[in-house]
Engineer: 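First the structure, which I've put down as structure tokens, then a few questions once you've had a look.
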Amino acid sequence: DGKFKTLLSSYFKSEDELWSEVKSADNIDAYQNYLKHYPRGRYNIVARRKLNDLLEKQLIIEEDNLWKNAKRAGTISAYCHYISCSTKKTHLSEAKRKVEELRWNVTLNSNTLEAYQRYLNETDLGLHRDEAYEKIDVFSWERASRLKTEHAYRCYLNTSVQKKHRFEAYAAINELLWNKAEVACTIEGYNEYLKKSKLLQQEVTSSVTPIIKQTNPEYLDVEKKIHDNQIRANVRLQTLEEELWIKVYNQDTKDGYELY
């Protein structure tokens, strides 16, 4: 019993000495050191409360410094650094708004199709999303109108969300397909047009509501142009097939009949 009391007295004496040093230091490292050595010590509750208070104060100071640095720099990267590094995120909403406005300003200064697409990919709040969609529609249609290729019109239809010129794009694609068939002026060429124009027709039809199908003049015009060209293609095919048959019949050879 005497030996146990001596050991117990020595333990508490060393704990008391350490606690006295901790109170004098009164910092995070000191309290963490005490709790490491005496996780169930006599001053455990006080030590944890003191440690939590100091950690909270440290977070407040760090938060204040992070925000001041972000505001001082006033750049996208600075505000993004605050958003990613802040623990308390006291100014999170304001930081996101700052990033949004700065990104939009950069986008406006660039004023290109790629810049507006990049804005849409990077924005979190999307405060200028509709304006970006509007600009993308304008720029992508200008590009398609300038290049006048099927690929360019397809890019417009795939890129633009608003698709304000979709019926013009469909009409242009139809005209390009028809011109290609006319230039070739072959059975294969007209068959290719019929195949592609039917797919285009399905695409145009599926892109609109039943009401638009009945009332929209642009839609009705595209449908008519495709339908009219399909009639012409069938007439051309019939003529070419008749000419081919006459040629084969006049040659009257096995190879000719097999080819036909």
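Treat the numbers as computed from the prediction; the structure is a model and nothing was measured.
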Engineer: Where is the tightest heavy-atom contact between Leu194 and Ala233, given as atom of each residue plus distance?
Structural biologist: CD2-CB, 3.8 Å
Engineer: Check whether more than 12 heavy atoms from other residues, nucleotides or ligands sit under 6.0 Å from atom CG of Leu199, and answer yes or no.
Structural biologist: yes
Engineer: Which value, rounded to the nearest 0.5 Å, describes the distance between Ser86 atom OG and Asn65 atom CG?
Structural biologist: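 Atom-to-atom, Ser86:OG and Asn65:CG are 11.5 Å apart.
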Engineer: Under a 4.0 Å N-O cut-off, is there an ion pair linking Asp53 with Arg49?
Structural biologist: no
Engineer: Return the CG to NZ distance between Asn191 and Lys196, rounded to the nearest 0.5 Å.
Structural biologist: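 It comes to 13.0 Å.
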Engineer: How long is the straight-line distance from NZ of Lys225 back to NE2 of His227, given to the nearest 0.5 Å?
Structural biologist: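 Going from the NE2 atom of His227 to the NZ atom of Lys225 covers 15.0 Å.
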Engineer: Tyr82 and Ala70: which non-hydrogen atoms are nearest, and at how many Å?
Structural biologist: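 Looking at all heavy atoms of both residues, the shortest contact is CB-CB, 4.1 Å.
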Engineer: Any non-hydrogen side-chain atom of Asp16 less than 4.5 Å from a side-chain atom of Arg42?
Structural biologist: yes
Engineer: Does some side-chain heavy atom of Glu223 sit less than 4.5 Å from a side-chain heavy atom of Thr205?
Structural biologist: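 Yes, their side chains come closer than 4.5 Å.
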Engineer: Verify salt bridge (charged side-chain N to carboxylate O under 4.0 Å, His left out) between Glu182 and Arg236, making sure each step is shown before the conclusion.
Structural biologist: CA-CA 9 Å; Glu182 285 279 78; Arg236 301 280 203 284; 3.1 Å; yes
Engineer: So Trp141 and Tyr153, would you call those rings parallel, tilted or perpendicular, with 30° and 60° as cut-offs?
Structural biologist: tilted
Engineer: Do Lys71 and His91 have side chains that get closer than 4.5 Å, going by heavy atoms?
Structural biologist: no
Engineer: Same hydrophobic cluster for Ile136 and Leu147, using side-chain heavy-atom links shorter than 4.5 Å among ILVMFWY?
Structural biologist: no
Engineer: To check you understand the geometry: which heavy-atom pair defines the closest contact between Arg103 and Ile76, and what is its length?
Structural biologist: CG-CD1, 3.6 Å
Engineer: For the residue pair Thr87 and Glu63, establish whether any side-chain heavy-atom pair is separated by less than 4.5 Å.
Structural biologist: no
Engineer: Can you tell me which residue pairs pass the ring pair (Phe, Tyr, Trp, His ring centres under 6.0 Å) test with a partner in residues 169-212, sequence neighbours excluded?
Structural biologist: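 Found Trp178-Tyr190, Trp178-Tyr193.
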Engineer: Less than 3.5 Å apart, which donor and acceptor atoms pair up between the side chains of residues 113-120 and the rest of the protein, not counting sequence neighbours?
Structural biologist:
from, atom 1, to, atom 2, distance (Å)
Glu114, OE2, Arg143, NH2, 2.9
Tyr116, OH, Asn111, OD1, 2.8
Tyr119, OH, Glu100, OE2, 2.3
Tyr119, OH, His128, N, 2.9

Engineer: Would the number of heavy atoms belonging to other residues, nucleotides or ligands and lying under 6.0 Å from CD of Glu203 be above 12?
Structural biologist: yes
Engineer: Would you say Tyr156 and Tyr133 are hydrophobically clustered, going by side-chain heavy atoms of ILVMFWY under 4.5 Å?
Structural biologist: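 No, because Tyr156 and Tyr133 fall into different hydrophobic clusters, even though each may have its own neighbours under 4.5 Å.
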Engineer: Determine, step by step, whether Thr90 and Trp67 satisfy the side chain to side chain contact (heavy atoms under 4.5 Å, CB included) criterion, reporting the C-alpha distance in whole Å, the side-chain angles of both residues, the deciding distance to 0.1 Å, and the verdict.
Structural biologist: CA-CA 9 Å; Thr90 307; Trp67 182 241; over 6 Å; no
Engineer: Please enumerate all residues that pass ring pair (Phe, Tyr, Trp, His ring centres under 6.0 Å) together with Tyr34, with sequence neighbours excluded.
Structural biologist: Trp19, Tyr38
Engineer: Got a sec: does the CD1 of Ile231 have more than 12 other heavy atoms crowding it under 6.0 Å?
Structural biologist: yes
Engineer: Could you tell me whether the side chain of Glu243 reaches within less than 4.5 Å of the side chain of Thr239, counting heavy atoms only?
Structural biologist: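 Counting from C-beta outward, Thr239 and Glu243 do come under 4.5 Å.
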Engineer: Check the pair Tyr219, Val204 against side chain to side chain contact (heavy atoms under 4.5 Å, CB included), reporting the backbone distance first and the verdict last.
Structural biologist: CA-CA 8 Å; Tyr219 167 77; Val204 175; 3.6 Å; yes
Engineer: Closer than 3.5 angstrom, by distance alone: can the side chain of Asn234 be matched with the main-chain N or O of Gln230 as a donor-acceptor pair?
Structural biologist: yes
Engineer: Any idea which heavy atoms bring Ser160 and Ser140 closest together, and the distance?
Structural biologist: CB-OG, 4.0 Å
Engineer: Please say yes or no: joined through hydrophobic side-chain contacts below 4.5 Å, possibly via intermediate residues, are Leu127 and Val161 part of one cluster?
Structural biologist: no
Engineer: How many angstroms lie between atom CG of Asn52 and atom NZ of Lys57, to the nearest 0.5 angstrom?
Structural biologist: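 Atom-to-atom, Asn52:CG and Lys57:NZ are 12.0 Å apart.
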Engineer: Applying salt bridge (charged side-chain N to carboxylate O under 4.0 Å, His left out), name anything that partners Lys148, two or more places apart in sequence or on another chain.
Structural biologist: none
Engineer: Is it true that, when you exclude Lys89 itself, more than 12 heavy atoms of the residues, nucleotides or ligands shown sit nearer than 6.0 Å to its NZ?
Structural biologist: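 Enclosed.
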Engineer: I need the minimum non-hydrogen distance between Tyr31 and Lys50, along with the two atoms involved.
Structural biologist: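 Looks like CZ-CB, 3.5 Å.
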Engineer: Applying salt bridge (charged side-chain N to carboxylate O under 4.0 Å, His left out), can you list everything that pairs with Asp124, at least two apart in sequence or on another chain?
Structural biologist: none
Engineer: My understanding is that only residues two or more places apart in sequence, or in another chain, count here; which of them pass side chain to side chain contact (heavy atoms under 4.5 Å, CB included) with Thr75?
Structural biologist: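 Scan of Thr75 (side chain to side chain contact (heavy atoms under 4.5 Å, CB included), adjacent residues dropped) gives Ala73, Ser77, Ala78.
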Engineer: Is it true that Glu188 and Lys195 have a side-chain N and a carboxylate O under 4.0 angstrom from each other?
Structural biologist: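 So Glu188 does not pair with Lys195 through a salt bridge.
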Engineer: Tell me whether Ile173 is reachable from Leu220 by hopping between hydrophobic residues (I, L, V, M, F, W, Y) whose side-chain heavy atoms are closer than 4.5 Å.
Structural biologist: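 They do share one cluster, since a chain of ILVMFWY contacts under 4.5 Å joins Leu220 to Ile173.
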Engineer: Walk me through whether Asn216 and Phe167 qualify under side chain to side chain contact (heavy atoms under 4.5 Å, CB included).
Structural biologist: CA-CA 10 Å; Asn216 189 289; Phe167 295 121; 3.9 Å; yes
Engineer: What's the spacing between Leu125 CG and Glu101 CD if we round to 0.5 Å?
Structural biologist: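 Result: 9.0 Å between the selected atoms.
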Engineer: With side chains defined as the heavy atoms from C-beta onward, is the minimum distance between Lys23 and Tyr43 less than 4.5 Å?
Structural biologist: no
Engineer: Without swapping roles, check the side chain of Asp137 against the backbone of Gln162 for a donor-acceptor pair under 3.5 Å.
Structural biologist: no
Engineer: Rounded to the nearest 0.5 Å, what separates atom CD in Gln201 from atom CG in Asn229?
Structural biologist: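 Taking CD in Gln201 and CG in Asn229, the distance rounds to 10.5 Å.
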Engineer: Can Lys88 and Glu56 be counted as an ion pair, charged N to O under 4.0 angstrom?
Structural biologist: yes
Engineer: Is there a side chain to side chain contact (heavy atoms under 4.5 Å, CB included) between Arg72 and Asn69 once you walk through the steps?
Structural biologist: CA-CA 5 Å; Arg72 187 181 303 113; Asn69 290 336; 2.7 Å; yes
Engineer: Indicate yes or no for a side-chain donor-acceptor contact from Asp221 to the backbone of Pro217 under 3.5 Å, with no hydrogens or angles considered.
Structural biologist: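 Between the backbone of Pro217 and the side chain of Asp221 there is no qualifying donor-acceptor contact (under 3.5 Å).
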Engineer: If you take all heavy atoms of Ala95 and Ile83, which pair is closest and at what distance?
Structural biologist: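 Taking every non-hydrogen atom into account, CB-CG1, 3.8 Å.
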Engineer: Under a 3.5 Å threshold, yes or no: a donor from one side chain and an acceptor from the other, between Asn158 and Arg154?
Structural biologist: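 Distance-only check fails for Asn158 and Arg154.
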Engineer: Membership question, hydrophobic clusters at under 4.5 Å side-chain separation (ILVMFWY): are Leu237 and Leu177 in the same one?
Structural biologist: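 They do share one cluster, since a chain of ILVMFWY contacts under 4.5 Å joins Leu177 to Leu237.
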Engineer: Would you indicate whether the side-chain heavy atoms of Thr112 and Phe139 approach each other to under 4.5 Å?
Structural biologist: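 No - every pair of side-chain heavy atoms lies 4.5 Å or more apart.
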Engineer: Measure the shortest side-chain to side-chain distance between Asp29 and Gln32 over non-hydrogen atoms and say whether it is less than 4.5 angstrom.
Structural biologist: yes
